[in-house]
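Quick notes on the structure that follows.
One-based numbering, in listed order, for ligands and for the atoms of each.
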Amino acid sequence: GVKIATIGGGSSYTPELMEGFIKRYAELPIREIWLVDIEAGKEKLEIVGAMAQRMWDASPYDVKVYMALDREEALKDADFVTTQFRVGLLEARIKDERIPAYYGMLGQETNGAGGMFKAFRTVPIILEIVEDMKRLCPDAWLINFANPSGMVTEAVVRYGKWDKVIGLCNVPVMATMVEPEMLGKSADELIYKFAGLNHFHWHKVADDHGKDITMEIVEKMYAGETGLPKNIHDIPFPRRLLEQMQMIPCGYHRYYYMEEEMLEHALEEYQTIGTRAQQVKKTEAELFELYKDPNLDHKPEQLGQHGGAYYSDAACESIASIYANKDTQLVVSTKNNGAVPDLPADCVVEVSAYIGGQGARNVAFGELPTAERGWLQVMKAMELLTIEAAVTGDYDTALQAFTINPMVRSGKTAQRMMDELFIAHKAHLPNF
Ligand code: NAD
Ligand code: G6P
Ligand code: MN
């Protein structure tokens, strides 16, 4: 039987993960699941752990859910390690959003100054986990969901020297779910090609005769069907931009193509309903109230309010595909290996890939148009500098990352903002 270890097991997403495993039990016979958390997450872990066990007990399968504050015990001989932890909890995310806003900039969970500081906090922990895996479960695969997912995956490959890793995001899952519906087709009638970085990819779609139908989907998007995750405010992309591009940008490209509008909207929301982290705190509290109900033994609908809905489809399908060598096509963060020739072969990209026993075999995308190539190269440079700063604790490297990030208005204000973020997050930044 398979042993799964989930770091950040107290997450409200855990029932979603259980549902995905239950659905796939025939091809992925799990024996035990270890949910790992820290002292600060103990209460959440106990509630959601009991809920997870109830879900298995209500299924035909005999699976035991263990809860652990000791990561080593959980990792010992694991076959798959999934990561869904949040260093500093939602309190840290509120700071990532509020502090940039105070300086008139947009700090988002994975974008702008907020995303960079989330990387500073998360990268050291993922590298500790990788070191533990080398000792305790050297044959295991790491399936990462912790954000910023692309940068975290890059850190695992580049600094952890660990290639058995797949980085995940639900955004491509949602796109490939909703778009066939828009056209009244089933998913297997469409051919997808994604390329770029996590939260910074574009995609093209063809029909089953190979005819490009990307712009048919774009038309449907303008008619109001977008399939965006709940956390992204829906402002339509400028039409001329997409006509020129002939690709579909991911939802997060709004922060770059329409930074002004997105910032305006965010500042307005922060003053009324609060930052996204403050809104999520409420959703999370509601979810945990539901999870406490000893009669609840299935995933509640309210989990769909979370931006990361359908995450389990990506996570559980990747694991089942590796385990059973299924060669399913998914969109993952993985080493480029030439699929995106505009970026170095050894860096991590988010691309369409076939997932099997040896991990991801990427689908070649080919060169991007001039504008997108430029964006991509700047963004990858920003990611590499951010990760380097996270590992070395070097202030000037961090400042370079800030200066090159398109969502940071460079100059003295940016440096003041960065300094304030360093002070606010001091407890979770031992390297700096
Ligand atoms: P959360 O705040 O509920 O955190 C999950 C758990 O991690 C908490 O119980 C917390 O105590 C625990 N934790 C914190 N530090 C830890 C550590 N060092 N070791 C073990 N556990 C630790 O967060 P969430 O909303 O469930 O999100 C979890 C993560 O998933 C976040 O990083 C979030 O950004 C990410 N996420 C990713 C996607 C995606 O598309 N890739 C989508 C949604 C969320
Ligand atoms: C999805 C993304 C995640 C993101 C999350 C936020 O859009 O793919 O990577 O960070 O949702 O969701 P939340 O509900 O916590 O704002
Ligand atoms: Mn994501």
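Under the 4.0 Å criterion applied to side-chain N and carboxylate O atoms, Arg135 and Glu131 are not assigned as salt-bridge partners. A salt bridge between Asp132 and Arg71 is present, with a side-chain N of the basic residue lying under 4.0 Å from a carboxylate O of the acidic one. A salt bridge links Lys281 and Glu91; the closest N-O separation between the charged side-chain nitrogens and carboxylate oxygens is under 4.0 Å. A salt bridge is defined here as a Lys NZ or Arg NE, NH1 or NH2 lying under 4.0 Å from an Asp or Glu carboxylate O, and Asp139 with Lys164 fails to meet this definition. With respect to the salt-bridge test (charged N to carboxylate O, under 4.0 angstrom), the residues Glu97 and Arg276 do not qualify. Taking 4.0 Å as the cut-off between side-chain N and carboxylate O, Glu19 and Lys299 count as a salt-bridged pair. The pair Glu179-Lys220 does not count as a salt bridge, with every side-chain nitrogen at least 4.0 angstrom from each carboxylate oxygen.
At a 4.0 Å cut-off, at least one heavy atom of Ala146 sits close enough to ligand 1 to count as contact. Residue contact check for ligand 1: Arg93 places no non-hydrogen atom closer than 4.0 Å to it. A heavy-atom separation below 4.0 Å is found between Tyr13 and ligand 1. Within the 4.0 Å heavy-atom shell around ligand 2 one finds Tyr252. Ligand 2 lies within reach of His199, whose nearest heavy atom is under 4.0 Å from it.
The nearest protein atom to atom 42 (C) of ligand 1, hydrogens excluded, is given as Phe145 CZ, 3.0 Å; this is a heavy-atom distance. Among protein heavy atoms, the minimum distance from atom 11 (O) of ligand 2 is reached at Gly307 C, 3.0 Å. With hydrogens left out, the protein atom closest to atom 16 (O) of ligand 2 is Arg276 NE, 2.6 Å, a heavy atom. In terms of protein heavy atoms, atom 8 (O) of ligand 2 is closest to Asn170 OD1, 2.5 Å.
No side-chain donor from either of Arg254 and His233 sits under 3.5 Å from a side-chain acceptor of the other. No side-chain N or O of His265 forms a donor-acceptor pair with one of Glu261 less than 3.5 Å apart. Judged by distance alone, the side chains of Tyr395 and Asp419 do bring a donor and an acceptor atom under 3.5 Å apart. For the residue pair Thr14 / Gln84, a side-chain donor-acceptor distance below 3.5 Å is found, with atom types taken as modelled. In the model, Gln278 has no side-chain atom that pairs as donor or acceptor with a side-chain atom of Tyr270 under 3.5 Å.
Taking every non-hydrogen atom of Asn170 and a distance limit under 4.0 Å, the qualifying atoms of ligand 1 come out as 40 (O). Interface atoms of ligand 1 facing Lys118, defined by a heavy-atom separation under 4.0 Å, are 31 (C), 32 (O), 34 (O). Listed by number with element, the atoms of ligand 2 under 4.0 Å from a non-hydrogen atom of Cys169 are 8 (O). Near Lys44, the atoms of ligand 1 lying under 4.0 angstrom from a non-hydrogen atom of the residue are 1 (P), 2 (O), 3 (O), 8 (C), 9 (O). Every atom of ligand 1 is numbered from 1 in the order shown, and the set under 4.0 Å from a heavy atom of Gly10 is 9 (O). Counting the atoms of ligand 2 from 1 in the order shown, those under 4.0 Å from a heavy atom of His306 are 14 (O). Listed by atom number, the atoms of ligand 1 under 4.0 Å from Leu89 heavy atoms are 10 (C), 11 (O). The atoms of ligand 1 that sit less than 4.0 Å from any heavy atom of Gly41 are 11 (O). Residue-ligand proximity, Glu284 to ligand 1, at heavy-atom distances under 4.0 Å covers atoms 3 (O). Less than 4.0 angstrom separates some heavy atom of Pro229 from each of these atoms of ligand 2: 7 (O). In summary, the atoms of ligand 1 found under 4.0 Å from a heavy atom of Gly308, numbered by their order in the structure, are 42 (C), 43 (C). Within the listing of ligand 2, atoms 13 (P), 14 (O), 15 (O), 16 (O) sit less than 4.0 angstrom from a heavy atom of Val280.
In this structure, Asn362 CG and Ile355 CD1 are separated by 8.0 Å, a value rounded to the nearest 0.5 Å. Note: Glu154 CD to Ile126 CD1 = 13.5 Å, rounded to the nearest 0.5 Å. Once rounded to the nearest 0.5 Å, the distance linking OG1 of Thr83 with CD1 of Ile125 reads 12.0 Å.
Not one N or O of Val87 is nearer than 3.5 Å to an N or O of ligand 1, by distance alone. For ligand 1, the polar-atom distance check against Glu109 finds a nitrogen or oxygen pair separated by under 3.5 Å. An N or O contact shorter than 3.5 Å is missing between His306 and ligand 1 by distance. The shortest N or O to N or O distance between Arg86 and ligand 2 is not under 3.5 Å.
By the criterion of a heavy-atom distance under 4.0 Å, neither the backbone nor the side chain of Arg71 is placed next to ligand 1. The proximity of Phe145 to ligand 2, defined as any non-hydrogen pair under 4.0 Å, does not occur for either the backbone or the side chain. By the criterion of a heavy-atom distance under 4.0 Å, the side chain of Arg93, and not its backbone, is placed next to ligand 2. Contacts between Asn147 and ligand 2, counted as non-hydrogen atom pairs separated by less than 4.0 Å, involve the side chain only. Residue contacts with ligand 1 for Asn198 are absent, since no atom lies close enough (heavy atoms, distance under 4.0 Å).
Just one of Thr176, Leu330, Val331 meets the side-chain contact (heavy atoms from CB on, under 4.5 Å) condition when paired with Ser352; it is Val331.
Put simply, the angle at the Mn ion (ligand 3) from SG in Cys169 to NE2 in His199 is close to 100°, to the nearest 10°.
Among all heavy-atom pairs drawn from Pro369 and Met247, the shortest one is CD-CE, 3.9 Å.
Counting heavy atoms only, Glu109 comes closest to atom 5 (C) of ligand 2 of the residues Glu109, Met174, Gln108. Relative to atom 20 (C) of ligand 1, the option among Leu35, Val280, Ile7 with the closest non-hydrogen atom is Ile7.
Considering only heavy atoms from C-beta on, Phe194 stays 4.5 Å or farther from Glu350 through its side chain.
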